[in-house]
Amino acid sequence: RQYHGAQDIWSEYFDWTRKEMISARGEQTGNGSPEWRSLSGEVRYISHQGGDGSPALIMSNKGYQIIIPEGKILFCGLPAYGPYLRFEGEYIDYIFRTAR
């Protein structure tokens, strides 16, 4: 975990491999179910600020999920820069759970 000084930004680095498929739950679709978006090799915000209020949810094909209850979250899946999750604001924690 790395703290970025005066901006109150935290980064948590992970050891995701290139073969690991990482997806995040997106906004609700027209039928009311969340859309899953692949994040492998991407950089994007995954938080739902101002959206439906649900926590950010990351799922791996390795059988686990990462739940981030609140905050502005940037996911970086580029091996050259991390890969990492960047937490902006006061909430800097997350929950691991099995998905099987």
Side-chain angles (χ1 to χ4, degrees):
R1 185 171 279 186
Q2 182 180 27
Y3 180 61
H4 300 281
Q7 296 177 341
D8 204 20
I9 297 174
W10 293 82
S11 296
E12 182 76 32
Y13 292 87
F14 291 87
D15 192 19
W16 292 309
T17 66
R18 291 180 191 251
K19 293 182 181 180
E20 188 169 0
M21 299 300 296
I22 305 290
S23 301
R25 180 178 61 196
E27 299 298 327
Q28 299 290 332
T29 60
N31 64 6
S33 62
E35 180 180 315
W36 288 90
R37 169 174 271 154
S38 174
L39 296 176
S40 299
E42 291 193 17
V43 177
R44 79 174 48 242
Y45 281 98
I46 59 170
S47 52
H48 296 276
Q49 297 296 312
D52 62 4
S54 61
L57 178 60
I58 299 169
M59 185 166 27
S60 169
N61 66 337
K62 300 282 186 179
Y64 67 89
Q65 295 177 341
I66 300 172
I67 304 164
I68 306 158
E70 59 186 70
K72 190 172 182 182
I73 312 301
L74 178 72
F75 174 91
C76 178
L78 302 175
Y81 294 104
Y84 63 87
L85 293 174
R86 185 173 78 186
F87 302 84
E88 298 179 16
E90 294 180 12
Y91 198 86
I92 59 166
D93 228 347
Y94 52 89
I95 301 162
F96 271 101
R97 74 176 181 188
T98 60
R100 293 183 183 186

With side chains defined as the heavy atoms from C-beta onward, is the minimum distance between [X] and [Y] less than 4.5 Å?
| X | Y | value |
| --- | --- | --- |
| Phe14 | Ile66 | yes |
| Ile73 | Phe87 | yes |
| Glu42 | Phe75 | no |
| Tyr64 | Lys62 | yes |

Residue pair [X] / [Y]: nearest heavy atoms and the distance that separates them:
| X | Y | value |
| --- | --- | --- |
| Tyr84 | Trp16 | N-CZ3, 4.2 Å |
| Tyr81 | Tyr13 | O-CE2, 3.9 Å |
| Ser40 | Ile22 | OG-N, 3.3 Å |
| Pro83 | Cys76 | CB-O, 3.1 Å |
| Leu39 | Ala24 | CD1-CB, 3.4 Å |
| Met59 | Trp36 | CE-CH2, 3.5 Å |

*asked:* Checking Glu20 now: which residues fulfil salt bridge (charged side-chain N to carboxylate O under 4.0 Å, His left out) with it, not counting sequence neighbours?
replied: none

*With hydrophobic residues grouped by side-chain heavy-atom distances under 4.5 Å, do Ile58 and Tyr94 end up in a single group?*
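Yes, Ile58 and Tyr94 fall within the same hydrophobic cluster.
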
*Spell out, as yes or no, whether a donor-acceptor pair under 3.5 Å connects the side chain of Arg25 to the backbone of Pro55.*
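At least one qualifying donor-acceptor pair exists.
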
_Interatomic distance, Ser23 atom OG to Ile46 atom CD1 [nearest 0.5 angstrom]_ =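 Answer rounded to 0.5 Å: 11.0 Å.
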
